[in-house]
Number of protein chains: 2
Amino acid sequence: MQSEPVTAGTDDTGPRIRTNVDPSLREAAEIIDDGFRGDRLVTAFGRCTVDYDGRASSTLGLGDRHVMCKPDGSILVHTDEGQQPVNWQPPGCTHEVSTEGDRVVLESERSTPAERLVVEFERVGQVSTFAVDDATELSLDGTEEDLRNRILDDPELVEQGFTPLATERETAAGAIDIFGEDADGRTVAVELKRKRVGPDAVGQLDRYVDALRRDLHDDADIRGILVSPSVTDRAADLLERNGLEFVSLTPRK
Amino acid sequence: MQSEPVTAGTDDTGPRIRTNVDPSLREAAEIIDDGFRGDRLVTAFGRCTVDYDGRASSTLGLGDRHVMCKPDGSILVHTDEGQQPVNWQPPGCTHEVSTEGDRVVLESERSTPAERLVVEFERVGQVSTFAVDDATELSLDGTEEDLRNRILDDPELVEQGFTPLATERETAAGAIDIFGEDADGRTVAVELKRKRVGPDAVGQLDRYVDALRRDLHDDADIRGILVSPSVTDRAADLLERNGLEFVSLTPRK
DNA sequence: GCTTTCATTTCGTAC
DNA sequence: GTACGAAGTGAAAGC
């Protein structure tokens, strides 16, 4: 077993990577604290308990977990299972590390809403800090916006003679994705969903159409069209019962 | 700079923690592959690109990221910002690592839906594998279930004379959280929300009440009550317009 | 496998 | 800060 610190790529702000396997609790706390001060991405793996209190509250008994603290103030506690962290705090939290008795204690707090997460390590198997150099942004395709642009480029994908007049058109119930009119001059509200939808999306469209009817004092001549790849059975029932329509379209192709 | 492998707590399945700072690409791939075979939690930090294609598609140019592969087949790619991973795959995916030219390539795939994530490292700053021993489960309070139990313990929190008859009572539109009757014997549908709600929750309750009216052929005597800490203005309007009621209650205390 | 709903949802955006 | 809706939402329960 080795417990020497290992570093790589030292620059003026310190080592770009700093790792210690089986550190003493004091060493672990010191490295974590240095990481916080140096705006490093800090990770710690070890045997710990986790307590959370805020919007809800939770406790987690002793076990091995991987903890990641980001320089933006977020913290993630991962077990060996699941895509989601078992505990976390969002960006903007204040992080502190200390040693209390024979424990390394990591505290993360924020206000509005008041939330507090405490990780207590009885043993730290590894602690690391990383300087992150990342200027790139994610490019994502296949979103609802892509579906909207597809339709704006070629409105006949909705139906022949459809004319978009506005996007995000405000109503008393919220914004309509695409507001337009059909070949006969009737008002049309189009609600977009990038994937197969259930009853909730129909409810959304129904609220917008209702709001338009109230806003425009025009009881008969407003159509609501849901555009998505497909709908569930209950959604189809609800569309039918509310006199709404459906057009099948995907964000890509 | 050091590049020796560091290990801790070796047992019959290999070292419980194994870390290498600034490994060669070949070493990195080998350690990652060993981690996959040994059902370890595997992390890698380095300069990489990320490409995803599946339900949507995305690309991410070169930058430093932290990649975590769990033994359950999930993978998480984190930048230095945000609580959410910039890219990921859910549990159940198949992971493979290889060296292609001067790159370490990590591939994660699944079917239904067909999705593929590829991380290409041009440099690996650190790679680690962890044996995770965690038998504990999270205990969480302040959920919707807690709110339900609060009401079942003391139905008068909803209103005097309220009698719960069933939970998760099925209708054509979905399950009603608490189904019961009031002091006058009228049917009551209660929809629970653990926090402040918007129009969507009102739509949900409205669908259930509608479904009950159709199911029970009982047009007048069905009440719908939304129970949550509070509602937004639009939600209040929608409740009013649909003849639904609101009771303020939190999951805790 | 699909559907439905909850979630400490998170995240972005507009007011 | 609040509100509203999108998300590669994820996760669980029911069918």
Side-chain angles (χ1 to χ4, degrees), chain A residues 52-58 74 76-77 81-93 110-117 138 140-148 168 170-171 173-177 191-201 203-204 207-208 230-235 251-252, chain B residues 52-58 74 76 81-92 110-117 138 140-145 147-148 168 170-171 173-177 191-201 204 207-208 230-235 251-252:
Chain A
Y52 157 76
D53 192 54
R55 288 167 290 176
S57 65
S58 70
S74 48
L76 304 164
V77 182
E81 287 184 334
Q83 178 178 340
Q84 297 303 125
V86 65
N87 279 115
W88 69 91
Q89 289 272 68
C93 295
R110 70 161 172 167
S111 43
T112 60
E115 290 191 297
R116 186 175 143 87
L117 182 72
L138 186 75
L140 182 66
D141 291 313
T143 64
E144 181 177 302
E145 188 183 352
D146 293 321
L147 177 57
R148 186 181 68 192
E168 301 300 312
E170 281 299 332
T171 73
I176 295 171
D177 286 334
E191 174 64 25
L192 306 174
K193 294 294 171 189
R194 64 173 297 280
K195 61 174 195 176
R196 181 174 174 85
V197 298
D200 54 335
Q204 215 180 317
R207 293 200 298 277
Y208 298 155
S230 59
V231 299
T232 65
D233 289 349
R234 272 184 189 161
R252 294 195 287 181
Chain B
Y52 157 76
D53 193 54
R55 287 168 290 176
S57 66
S58 71
S74 48
L76 303 164
E81 288 184 332
Q83 179 178 337
Q84 296 304 126
V86 65
N87 279 114
W88 69 92
Q89 290 273 68
R110 70 160 171 167
S111 43
T112 60
E115 291 191 298
R116 186 175 142 86
L117 182 71
L138 186 75
L140 182 65
D141 291 313
T143 64
E144 182 178 301
E145 188 184 351
L147 176 57
R148 187 181 68 192
E168 302 297 312
E170 280 298 332
T171 73
I176 295 170
D177 287 334
E191 173 65 25
L192 307 174
K193 293 294 171 190
R194 62 175 298 282
K195 61 174 195 177
R196 181 173 174 85
V197 298
D200 54 336
Q204 214 179 321
R207 291 201 299 277
Y208 298 154
S230 59
V231 299
T232 65
D233 289 349
R234 273 185 190 160
R252 294 195 288 182

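Numbers restart at 1 for each chain; the letters A, B, ... are given by sequence-line order, proteins then strands.
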Distance below 4.0 Å between A:K195 side-chain N/O and D:dA6 OP1 or OP2 | no
Determine the minimum heavy-atom distance between A:A56 and B:L140, stating which atoms define it.
-> CB-CD1, 4.0 Å
Of A:A173 and A:T112, the one whose nearest nucleotide on DNA chain D sits closer to the 5' end is A:T112
With C1' as the reference atom in both, quote the distance from D:dT9 to D:dG5 in angstrom, rounded to an integer.
-> 13 Å
Roughly, in whole Å, what's the span from CG in A:L147 to C1' in D:dA7?
-> 14 Å
Check against side-chain contact (heavy atoms from CB on, under 4.5 Å), B:D177 and B:E144 | CA-CA 10 Å; B:D177 287 334; B:E144 182 178 301; 3.5 Å; yes
Could you point out which residue of B:R116, B:E115, B:Q89 forms a side-chain hydrogen bond (donor to acceptor under 3.5 Å, both in side chains) with B:Y52?
-> B:E115
Whole-angstrom distance between C:dT8 and C:dT4, as gauged at atom P | 23 Å
B:T143 and B:R194 have their tightest heavy-atom pair at CA-NE, 4.0 Å
Remember a base hit wins even if backbone is also touched, and classify B:E191 as base, sugar-phosphate or nothing at under 4.0 Å, heavy atoms.
-> sugar-phosphate
Which heavy-atom pair separates A:N87 from A:S58 by the least distance, and what is that distance?
-> ND2-OG, 3.1 Å
Return the 5'-most residue of the pair A:A235, B:D141 with respect to DNA chain C, ranking by each residue's nearest nucleotide.
-> A:A235
Given atom CG of A:L192 and atom P of D:dG5, what is their separation to the nearest angstrom?
-> 14 Å
Starting from P on D:dC4, measure out to CG on B:D233 and report it in whole angstrom.
-> 7 Å
Can you check the B:R234 CZ to D:dC4 C1' distance for me, whole Å?
-> 7 Å
Would you say D:dA3 has OP1 or OP2 under 4.0 Å from some side-chain N or O of B:R196?
-> yes
Heavy atoms of chain B, cut-off under 4.0 Å: which first and last nucleotide of DNA chain C, 5' to 3', fall inside that, if you could look?
-> C:dG1 to C:dC11
Pick the nucleotide of DNA chain C nearest each of B:T143 and A:P199; which residue has the one closer to the 5' end?
-> A:P199
Given D:dT9, D:dA6, D:dA3, which nucleotide is nearest the side-chain atoms of A:E144?
-> D:dA6
C:dT8 pairs with which nucleotide, Watson-Crick or G-U wobble, both distances below 3.5 Å?
-> none
Once you round it to whole Å, what is the distance between P of D:dG5 and CG of A:D200?
-> 11 Å
Would you mind reading off the distance between A:E145 atom CD and D:dA6 atom C1', rounded to a whole angstrom?
-> 11 Å
Roughly how far apart are B:R148 CZ and B:E168 CD, rounded to 0.5 Å?
-> 5.5 Å
Closest heavy-atom contact between A:P199 and B:R207?
-> CB-NE, 3.6 Å
Whole-Å distance, B:Q204 CD to D:dG5 P, equals 14 Å
For A:K193 and D:dA7, what is the distance between atoms NZ and P respectively, to the nearest whole Å?
-> 8 Å
Looking at A:V197 and A:K195, what are the two nearest heavy atoms and their distance?
-> CG1-O, 3.1 Å
Protein-nucleic acid N or O pairs under 3.5 Å, nucleotides 11-15 of chain D:
residue: D:dA11; atom: OP1; partner: A:Q83; partner atom: N; Å: 2.9
residue: D:dA11; atom: OP1; partner: A:Q84; partner atom: N; Å: 3.1

Sugar-phosphate only, base, or nothing, as touched by A:D53 at under 4.0 Å among non-hydrogen atoms = nothing
Is there a side-chain polar atom (N or O) of A:R194 under 4.0 Å from OP1 or OP2 of D:dT9?
-> yes
Closest heavy-atom pair and its distance - A:V231, A:R196 = O-NH1, 3.1 Å
Looking at side-chain heavy atoms only, is the closest gap between B:D200 and A:D200 below 4.5 Å?
-> no
